[in-house]
Structures are given as structure tokens and as C-alpha cells.
Number of protein chains: 2
Amino acid sequence: MSISSRFAVGIHILTLIEINKSGVNTSEYLASSVNTNAAVIRKIMGMLKSAGLVNVRPGIAGAQLAKDLSEITLFDVYKAVNVVQEKELFSIHDHPNPDCPVGRNIQDTVMPIFSVAQSAMEKALSNVTLADIVNDILEKEKAVGK
Amino acid sequence: MSISSRFAVGIHILTLIEINKSGVNTSEYLASSVNTNAAVIRKIMGMLKSAGLVNVRPGIAGAQLAKDLSEITLFDVYKAVNVVQEKELFSIHDHPNPDCPVGRNIQDTVMPIFSVAQSAMEKALSNVTLADIVNDILEKEKAVGK
DNA sequence: ATACTTGTAACCATAACAATTACATTGTCT
DNA sequence: AGACAATGTAATTGTTATGGTTACAAGTAT
């Protein structure tokens, strides 16, 4: 299984809002860049808004970032779009047999390990900000321009 | 989304094979500890066998570990049961708009970052061996005994 | 031969996902 | 006020992974 593309789309949206900040970022416009339906964008935007990453208002066209670019890490986006619940990256079979030494302990033994592994991944995401993403994209564009 | 419990079940199975190594570990027996169907166990066992972690033979009851406990990391189990493909922990929306600076670069920008995050998680799993799991369970059992 | 076990394949119910449609709500503009 | 446009949200759909279940062929031992 794999983590929902809502995460990648969230990054895409926020990046585009920044790069197109002089324009009007309607859900329709953003959707055309992501290549999906505008309702999908609005749904994700709602999550980003709840997380305080973005300002959008009903009836008013366009979205703006609510924070500075360098203040938003990928981990913030990841949490915002709710792709993985806390301590639930790995699922554990439930109701193992309590009459077996392994069955009655496996969950408690394995959970903290899974938790460490999940945290390691999340830590890596928190080391990257949207500013890094935007810079990288601008770099790539510049390279092509030559 | 969350990573299939095949992983946790794989750990459970291997641990139990070790702890019950004086007994006969049939799929039926293992299934009763995991609390699932024996066919599910056999399917997972097939994966563990393909990965060279376990010895099982058609018609012959019982499974044995194919390696030393301390030589099997959780990452080995994780790879064996195929819960996450390489570089595919995170999914990325496909066909973003190539006419948009963000659309045409987002994949190349984001992929290496996702890859680093996934590796960090996998690294954490490779730091733990089945010997650690078995020890922890035996510790927990001993504590209860007092 | 009989009994037991592993190895597979087929099938099913469930859940998450992304896309889509539809519509109420909110705001802007004339 | 009324028309228009955008957001917010709910309902529906096709697709896919999962975990469980049944069934049975193939291998092994007594």
C-alpha cells in the first residue's frame, strides 16, 4: 500500500500558489495544473486551511499562503492532509491469541519499533520546507532556459 | 492508508517459530496464535520462504528459520512480505500539467525527497533484529512471572 | 491406502482512494 | 436587488488492496 497522493498534491498546490502569487489561484486553475477535478482541490484546500497553511474564503476567488514559505515543512503538509494517522503507518493484526506468549506480547513489543520507524520518516519530511521545493523548481526551470 | 499487517504477522510468525522451536510449527498452529486463517499464514510463509528466511516443504509439517535470529532484521521481513514497493511508499499524482512550471517539475523535485523519507523509515527497521523481538518478549514474560 | 500438510487459486466483503456531479453558501459587481 | 462566480460539501462511482474463506492439487509419512 502507499500513502495517498493527497500529500503530493498538497505540496503541488502550495508550491503553485507561491509561484503564481501575482495571479489568482482558483481551485479551477490549480486543478488544471495538477490535472484533476476542482472539487478534489477544494477538498484538499479545506484541509490545508484547517491546518492554517492557507487562506481561502467562500465566495472569494483565489488562495494565499498563510505562512512564510520557509515556515512550512513537508511534515506540516503531510499532517494537514491526513494521509497517515499518528502511530498508524503500520497496521498490526488485532486479537492475537492471548494464550500464546508471542500472541499476548507481540503488539506491545512491535508498536514502539513501528513508532520509531514512522518518526524517522516524518523527521525526514520535517527537514524540507516549501522554500526548498520552490527553489528546486525554479532551479530546474532556469537550467532548461539555458 | 497504512502498511499491510502482513508485516506484523510475518514478525509474529518468525518469532513464534523461534520460541516454539522444540515443537512443530504447522500453519494451523501459527494461525491459531495470530488468530487468522491457516491459508493466510501459508501465503505469508511462502513469501518468507522466497526471501530465504524460512524453510518449509510441501507435505512436511512445520517450519524452521533459515537463518540465525540475529541475522534477520525487520527490514528483511518487511521486504519479504512485499508491503511497500521500492520508492513507492508515497504516491504521486500522475500527468500533472506539462505547460505549468510546477506541473512539469513537481515529480522530479519531490521524488528524491520521498525516497529519502522512505529510506529513513526502512533504516530504522533494519536496526532491529528478530533476536531483539524475541528477547523483548521473553523479558515481558519474565516480568509477569514475578 | 490413508491421513495430514503445504501450496495455490478462486471468490467475497470491506475499505480507501480519486474522480465526478450536484448544489448550497458566500461574496462581488453592475 | 439580481446575475454571476467561487468555495464548501455531500453523494455516487469505478478501481484497487486487503484479509478472510473455501476448495483442492500435490507432496510426505505411517
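Below, chain A is the first sequence line, B the second, and so on; all start at residue 1. Any value given below was found using the heavy atoms of this structure, including those in side chains, with hydrogens, waters and symmetry copies removed.
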Colleague: From the options C:dT21, D:dG19, C:dA18, select the nucleotide whose nearest atom is closest to the side chain of B:Arg6.
Modeller: D:dG19
Colleague: What is the separation between atom CZ on A:Phe90 and atom P on D:dT18, rounded to the nearest whole Å?
Modeller: 14 Å
Colleague: Report yes or no: do B:Ile106 and B:Met111 belong to one cluster of Ile/Leu/Val/Met/Phe/Trp/Tyr joined by side chain heavy-atom distances under 4.5 Å?
Modeller: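 Linked within one cluster.
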Colleague: How are the rings of A:Phe114 and B:Phe7 set to each other: parallel, tilted or perpendicular (split at 30° and 60°)?
Modeller: parallel
Colleague: A:Gln118 versus A:Val84: any side-chain heavy-atom pair under 4.5 Å?
Modeller: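 Sidechains of A:Val84 and A:Gln118: in contact.
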Colleague: With a 4.0 Å cut-off on heavy atoms, is B:Ala39 in touch with a base, just the backbone sugar-phosphate, or nothing at all?
Modeller: base
Colleague: Verify side chain to side chain contact (heavy atoms under 4.5 Å, CB included) between B:Leu130 and B:Thr15, making sure each step is shown before the conclusion.
Modeller: CA-CA 7 Å; B:Leu130 282 184; B:Thr15 304; 4.2 Å; yes
Colleague: Would you mind reading off the distance between B:Met45 atom CE and C:dT8 atom P, rounded to a whole angstrom?
Modeller: 13 Å
Colleague: Mind calculating the distance between CZ (A:Arg42) and P (C:dT26) to the nearest angstrom?
Modeller: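 Taking atom P of C:dT26 as the reference, CZ of A:Arg42 is at 16 Å.
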Colleague: Could you grab the distance from atom CG of B:Leu30 to atom NE2 of B:His12, nearest 0.5 Å is fine?
Modeller: 8.0 Å
Colleague: Once you round it to whole Å, what is the distance between C1' of C:dA18 and NZ of A:Lys43?
Modeller: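 A:Lys43 atom NZ is separated from C:dA18 atom C1' by 9 Å.
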Colleague: Within the distance-only criterion (no hydrogens, no angle test), does the side chain of A:Asn135 pair as donor or acceptor with the backbone N or O of A:Ala131 below 3.5 angstrom?
Modeller: yes
Colleague: Would you kindly give the CD1-to-P distance between B:Ile13 and C:dT6, to the nearest whole Å?
Modeller: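 It works out to 11 Å between those atoms.
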Colleague: Check whether any side-chain N or O of A:Asn97 sits under 3.5 Å from a backbone N or O of A:Gly103 as a donor-acceptor pair, and report yes or no.
Modeller: no
Colleague: Rounding to a whole Å, what distance do you find between A:Asp94:CG and D:dG19:P?
Modeller: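 Distance check: A:Asp94 CG to D:dG19 P gives 11 Å.
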Colleague: Strictly below 4.0 Å, heavy-atom distances to any atom of DNA chain C: list the hits from residues 47-60 of chain B, or just say none.
Modeller: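 Close to the strand are B:Lys49, B:Val56, B:Arg57, B:Pro58, B:Gly59, B:Ile60.
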Colleague: Grab the CD1-C1' distance between A:Ile44 and D:dG8 for me, whole Å please.
Modeller: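 That distance rounds to 14 Å.
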Colleague: Within residues 15-37 of chain A, which residues have any heavy atom lying less than 4.0 Å from an atom of DNA chain C?
Modeller: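 Those residues are A:Thr36, A:Asn37.
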Colleague: How many Å lie between CD1 on B:Ile41 and C1' on D:dG19, as a whole number?
Modeller: 11 Å
Colleague: Are A:Ser4 and C:dA16 close enough that a side-chain N or O sits under 4.0 Å from OP1 or OP2?
Modeller: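 Looking at the OP1 and OP2 atoms of C:dA16, neither is under 4.0 Å from any side-chain N or O of A:Ser4.
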Colleague: From A:Leu48 CG over to A:Ile17 CD1, what is the distance, rounded to the nearest 0.5 angstrom?
Modeller: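 So the gap between those two atoms works out to 7.5 Å.
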Colleague: With the threshold set at 4.0 Å, does a side-chain nitrogen-carboxylate oxygen contact exist between B:Arg104 and A:Glu141?
Modeller: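 Counted as a salt bridge, because a side-chain N and a carboxylate O are separated by less than 4.0 Å.
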